[in-house]
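Read the structure below first, then the notes.
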Amino acid sequence: MICAFCVIFGLCACEDFLDTDNLTKKDTSNFPISESDAVQMVNGIYAAMNRNLADPEEDPFFIFDIASDDRLGGGSQSNIGAQGVDRLMNAYLDWMKPLWKQRYAGINRANNALETIDNVKEWSSGDKKNQLLCETYFLRAFYYFNLAQVFNGVPLVLSTEPQNLPRATPDEVYAQIASDLKASIEAGPSTKYPNFGIGRVSKWAAEGMMARVWLFYTGFYKKSELPLVDGGSISKAQVVSWLEDCIQNSGYGLVSDQRNLWPYTNPYTAKDYPYTNEPIIVKTAAGTDSITGYKIKDGINWETDENIESMFAVKMSNVPGWSADGLLRHNRIVEFYNPRKTTEAAFPFSVQGYSNGPVCWKLWTDWAEDPDYAGDYRRVGSICKRADEIPNYKGDPAKEVENTDLLAKKYIGCEAWNEDHSGRYLSYGYYYGSENNRQTGLTQSLVWLRFADVLLMHAELTDGKTVYNGKSGLNAVRQRAGLPDIAYSLSSLKKERRYELCFEALRWNDLRRWGDVSEKVKNQVGNPILNQGIPGEYAFTNDFMKRYADTGGGFFKIPEDQVTLSEGVLEQNPGWGDGTNWVKGDLPYKFK
């Protein structure tokens, strides 16, 4: 019998050097035998994240981002993946198969690393092996966490032996996630950032991710503690102590200006982007002010993709194109978020894309009307209102649907003028070594965990206890945004997470764990939109909250071929029967 997992792991085996019959390639009899082999082996676990980006509509980051109330599906009528995510509908035959395949490929690589790392007998230092174990346990936990938030209970594969397994219960899956993160924390050296290695997981990232897992599991499943495989559990107090260890000892911190996390503030783009400029004013002989030119605003200075706030991210490469084994080196999610049919008039967001993920007006207006956020630079720092910033950009009205006139600035391709201003490079990344290409030049990291989130999770778990520079995590993040302190409440914490972390793939699962998913309907329905140039309002084609309940709380369809190949061992999620397919033309609007 060929089972689902035999198929998956058979495909991975050659990539993972597990083919013990091959006498010319690396296999489990001769790999790993050295420290450099072990590093290469663990690097392969990370690579599964990059492979998912080849199918951005089926990457967990894209799914969680689009599913939230602060974005719509958008794109054109053909972009049914984003529209399906937004409406909890099935877009393609065997949709989510790349996510399932690549996350389990990463899990299989982690299992192989744990099974074979002791083959290495000599290490350069006592910490090196522990650092690699920290990374391996973290990545396996992270991959299972992605799968659990998308699909709920999933098969727990903990060895490289091919198996046909049923779904584990959510309690069992989260117990494994928690146990792996605990092992990661305990194995990881207490080396401060950045000395454990650029782009590498640390025990500090594991401490922060443990808090995220704890908050989601206890909130969504209505539990008081997070279980462990050995029968113990993780308490709130333990999570808080880990967060405080991270905050006080990791070497991570907040960059001075939140906008400096996003590539539009890089010096090659920012010097020509009016939003990031300010006039140079001199006094004339007559004593009047005269503008003699423009300069980048004081405090605006891109911190690059490797910075003191980024704790765990998918890293890209400046090597052009794809690797020989299909590894994607650029960020296709950025490509999908860029506007369509761009011209110079769209600068700096003039990298051509597919216009997915238009921003909801309710986020824009809620932010502006909230007295607790008066003067918050993050609103315009995070959202581009096309009519204000790029008024001469006409877009692609022949194709654009659900166009709200609002673009998210955090994950979007940015161009830069060349040295003599005679033409534009198709990505600012050209100045940092990447290709001058609208796709492969998009090398922005995809950040899954940053220090501001750690501070806000600590505030939520402690009701605003002082923890960082004499402030609560909530007020430390507000201070960075130029806002005054505020009394802690769950309501104020929810607002701060929405504004500080918008478009970072956190909002959807925050709503789910808080029991606030009905906000999605309130904040999306009625948004003014353009559909192929025709004004309208956003609408669902179904009762979204019924779909949410039918799917057990927003879980997606397991790839059908995995269910079929398991011969009945793997059961499909509820709510994915007849009538749940989303196809081109299903949008409930008028078109030309």
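Because the structure is predicted, anything quoted here is derived from the model rather than measured.
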Counting N and O atoms only, with roles assigned by atom type, does the side chain of [X] sit under 3.5 Å from a partner on the main chain of [Y], one being a donor and the other an acceptor?
X	Y	value
Asp543	Lys546	yes
Asn509	Phe64	no
Tyr104	Pro155	yes
Ser427	Gly441	yes
Thr440	Asn437	no
Arg140	Ile107	no
Tyr143	Ile45	yes
Glu402	Gly75	no
Thr218	Trp214	yes
Tyr275	Tyr264	no

A cation-pi test, strictly: NZ or CZ of [X] under 6.0 Å from the centre of the six-membered ring of [Y] and no more than 45 degrees from its axis. Yes or no?
X	Y	result
Arg512	Phe220	yes
Arg547	Trp576	yes
Arg259	Tyr377	yes
Arg478	Tyr373	yes

Rounded distance (nearest 0.5 Å) linking atom [atom1] of [X] with atom [atom2] of [Y]:
X	Y	atom1	atom2	result
Thr443	Asp305	OG1	CG	6.5 Å
Glu519	Asp510	CD	CG	12.5 Å
Glu460	Glu496	CD	CD	12.5 Å
Phe540	Leu88	CZ	CG	8.5 Å
Asp94	Ile558	CG	CD1	12.0 Å
Arg167	Ser566	CZ	OG	11.0 Å

Q.
Going by the rule side-chain contact (heavy atoms from CB on, under 4.5 Å), which residues pair with Asp453 if we only count those two or more places apart in sequence or in a different chain?
A.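 Here the qualifying residues are Arg212, Leu449, Met457, Arg497, Leu501, Leu506.
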Q. Does Leu530 have any side-chain contact (heavy atoms from CB on, under 4.5 Å) partners at least two apart in sequence or in another chain, and if so, which?
A. Asn403, Pro535
Q | Min side-chain heavy-atom separation Asn108-Val157 under 4.5 Å | A |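 Asn108 vs Val157: side chains apart.
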Q. Out of Ile80, Thr541, Val401, which residue meets the side-chain contact (heavy atoms from CB on, under 4.5 Å) rule with Leu587?
A.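 Exactly one pass, corresponding to Val401.
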Regarding [X] and [Y], does a basic nitrogen lie under 4.0 Å from an acidic carboxylate oxygen?
X	Y	answer
Asp561	Lys97	yes
Lys495	Asp370	yes
Asp171	Lys223	yes

Give me the atom names and distance for the closest heavy-atom approach of [X] to [Y].
X	Y	answer
Phe556	Ile63	CE1-CG2, 3.8 Å
Asp86	Phe544	O-CE1, 3.7 Å
Leu181	Phe138	CD2-CD1, 3.8 Å
Pro98	Asn52	O-ND2, 3.3 Å
Arg450	Ser310	CB-CA, 4.4 Å
Arg332	Gln439	NH2-NE2, 4.5 Å

Q | Set of residues satisfying side-chain hydrogen bond (donor to acceptor under 3.5 Å, both in side chains) with respect to Tyr46, sequence neighbours excluded | A | Glu135
Q.
Show every salt bridge (charged side-chain N to carboxylate O under 4.0 Å, His left out) that has at least one partner inside residues 57-67, sequence neighbours left out.
A. Asp65-Arg71
Going by atom types alone, do [X] and [Y] pair a side-chain donor with an acceptor below 3.5 Å?
X	Y	result
Ser350	Glu415	yes
Gln176	Asp180	yes
Tyr221	Asn152	yes
Asp376	Trp367	yes
Gln524	Trp361	no

Q: On the 0 to 90° scale, with breaks at 30° and 60°, tag the Tyr354-Phe336 ring pair as parallel, tilted or perpendicular.
A: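 Ring orientation, 0 to 90° scale: tilted.
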Q.
Under the rule for salt bridge (charged side-chain N to carboxylate O under 4.0 Å, His left out), what residues qualify as partners of Asp69, not counting sequence neighbours?
A. Arg507
Ring centre gap for [X] and [Y] strictly below 6.0 Å:
X	Y	result
Phe349	Tyr393	no
Phe142	Phe312	yes
Trp582	Tyr92	no
Tyr217	Tyr174	yes

N/O donor-acceptor pairs under 3.5 Å from side chains in residues 407-414, not counting sequence neighbours:
{"from": "Lys409", "atom 1": "NZ", "to": "Tyr273", "atom 2": "OH", "distance (Å)": "2.9"}
{"from": "Lys409", "atom 1": "NZ", "to": "Val380", "atom 2": "O", "distance (Å)": "2.6"}
{"from": "Lys409", "atom 1": "NZ", "to": "Glu389", "atom 2": "OE2", "distance (Å)": "2.7"}
{"from": "Lys410", "atom 1": "NZ", "to": "Glu500", "atom 2": "O", "distance (Å)": "3.0"}
{"from": "Lys410", "atom 1": "NZ", "to": "Cys502", "atom 2": "O", "distance (Å)": "2.9"}
{"from": "Lys410", "atom 1": "NZ", "to": "Glu504", "atom 2": "OE2", "distance (Å)": "2.7"}
{"from": "Tyr411", "atom 1": "OH", "to": "Val447", "atom 2": "N", "distance (Å)": "3.0"}

